[in-house]
Amino acid sequence: MMRITKPSIFYGVLLLVFTIISCKENKKESQSEMETAKTESTQNPIEETIFGEMPDGTKVKKFTLKNEAGMEVDVITYGGIITRWTAPDSNGAYEDIVLGFDDLNQYLEGNPYFGALIGRYGNRIANGKFSLDGETYTLAKNDGDNHLHGGEKGFDKVVWDGVAKTTEEGAAVELTYTSEDGEEGYPGKLDVKVTYTLTDDNALDIQYEAVTDKPTVVNLTQHSYFNLSGQLSEPVLDHKIYLNADTYLPVDGGLIPTGEFREVAGTPFNFKEPKPIGEEIEAENEQLSLGGGYDHCWVLNNGEEDFRLAASAHHGETGRLLEVYTNEPGIQFYSGNFLDGTLPSKTGGTYVKRSGFCLETQHYPDSPNQADFPSVRLNPGETYSSRTMYKLSTK
Ligand code: GLA
């Protein structure tokens with residue numbers, strides 16, 4: 001029989017106390033490890049890498065925004081371009097849903113504004129001319145007789161400053177750019193800030209801000225081409241589009257609005273109920289032939305709030321649903337008519353005609369020359385402020 005001596009009881013108790021204490025410590029440690037991991041993941045760390053180099057040696061950064069759900073959005077400082085955006089289908093499989101490239105040189109070689117920030121003026125200005133306070137300003141005619149998307153070197157072709165931000169709403173990147181007085185013919189030095197925030201409910205919230213030192217015109221937008229099938233080289237004609245608009249702006253041969261607000265009811269331009277892009281795109285219609293398909297601005301209905309649902313797109317097979325919210329008065333729905341299969345797709349094949357569609361929130365095209373359209377004028381002392389949210393889910 002084992003003899004229990006006083007010293008061994010003492011050591012036994014000591015061991016027990018020690019074990020209890022060290023267990024508690026361990027627990028504390030692993031709890032705090034868990035806490036760190038959790039803080040890290042709720043703060044959604046933003047990866048920052050170098051995407052490429054401009055011909056003059058300027059480095060182009062890439063920010064990867066991530067959320068709790070597993071969505072990822074890559075934004076580069078060249079043009080503020082969204083180069084990759086992954087979204088789940090109804091089985092939870094993530095795929096890239098935006099057209100673009102993996103390599104900076106492909107963007108530099110020329111492309112139709114894939115994923116880019118557009119400014120100073122998104123869309124067209126007739127004859128590359130407008131007047132402000134009696135002075136006429138001449139802009140580049142880079143689209144036939146008209147000025148398009150900010151000119152020869154718009155905001156889509158400059159390198160922005162980029163700073164990663166972890167906010168309560170989600171991972172964000174803040175892009176800033178100063179457009180000098182007279183740049184691309186526009187008056188006033190314009191300081192622009194665009195913030196992309198990826199929220200945990202799979203929305204990319206885009207906040208645009210700008211201030212000027214002279215009266216000028218501003219109309220900023222985002223030019224992502226979506227293909228919710230994840231097969232980026234396949235036509236998007238099967239996607240069902242909804243547009244919250246009773247009227248749209250018919251255009252002339254140069255795609256400049258004629259000034260008329262035309263009812264969509266009874267025309268191929270009616271998307272008040274979701275309808276496949278391809279359903280009427282080939283219909284006999286003067287406006288469809290002028291645009292080579294849909295390439296028009298819809299006049300958004302006002303909701304009870306300024307920031308309202310403007311549009312949606314649904315891809316039945318994968319279930320992916322994209323909703324677009326904005327406080328802008330218009331949305332350009334462009335069905336990718338000018339894509340012609342010459343540019344290589346990230347997922348193999350090429351970007352064929354209508355392999356992507358754009359939903360560009362904005363003020364109406366040619367507003368500087370059309371007195372009946374809401375004003376795009378920005379005065380010193382005022383802040384241009386515009387917000388658009390692209391939200392993904394499945395249905
Ligand atoms: C916009 C225009 C289109 C076309 C594309 C780029 O969406 O409305 O006409 O210029 O950009 O190809």
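Numbers for residues simply follow the sequence, beginning at 1. Values below: all heavy atoms of this structure, side chains included; hydrogens, waters and symmetry mates excluded. In each ligand, atom 1 is the first atom listed, and ligand 1 is the first ligand listed. Given the structure is predicted, the values throughout are model-derived calculations rather than measurements.
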Got a sec, which residues hit side chain to side chain donor-acceptor pair (under 3.5 Å) with Asn285, two or more places apart in sequence or on another chain? none
With a 3.5 Å distance limit and no angle check, can you tell me whether Thr77 reaches the backbone of Lys61 through a side-chain donor-acceptor pair? yes
Report yes or no: do Gln207 and Thr197 form a side-chain donor-acceptor pair below 3.5 Å? no
For Glu47, is there an ion pair with Lys66 - N to carboxylate O distance below 4.0 angstrom? yes
For the pair Trp298 and Phe269, evaluate ring pair (Phe, Tyr, Trp, His ring centres under 6.0 Å) and give the outcome as yes or no after the intermediate values. CA-CA 9 Å; Trp298 271 254; Phe269 289 78; 5.6 Å; yes
Can Glu53 and Lys59 be counted as an ion pair, charged N to O under 4.0 angstrom? yes
Is there any protein N/O under 3.5 Å from an N/O of ligand 1, and what does the full list of such pairs look like?
unit_1, atom_1, unit_2, atom_2, d
ligand 1, 7 (O), His223, NE2, 3.2
ligand 1, 7 (O), Glu360, OE2, 2.8
ligand 1, 8 (O), Arg124, NH1, 3.2
ligand 1, 8 (O), Asp295, OD1, 2.7
ligand 1, 8 (O), Gln332, NE2, 3.3
ligand 1, 9 (O), Arg124, NH2, 2.6
ligand 1, 9 (O), Asp295, OD1, 3.4
ligand 1, 9 (O), Asp295, OD2, 2.4
ligand 1, 10 (O), Arg124, NH2, 3.4
ligand 1, 11 (O), His149, NE2, 3.0
ligand 1, 11 (O), His223, NE2, 2.8

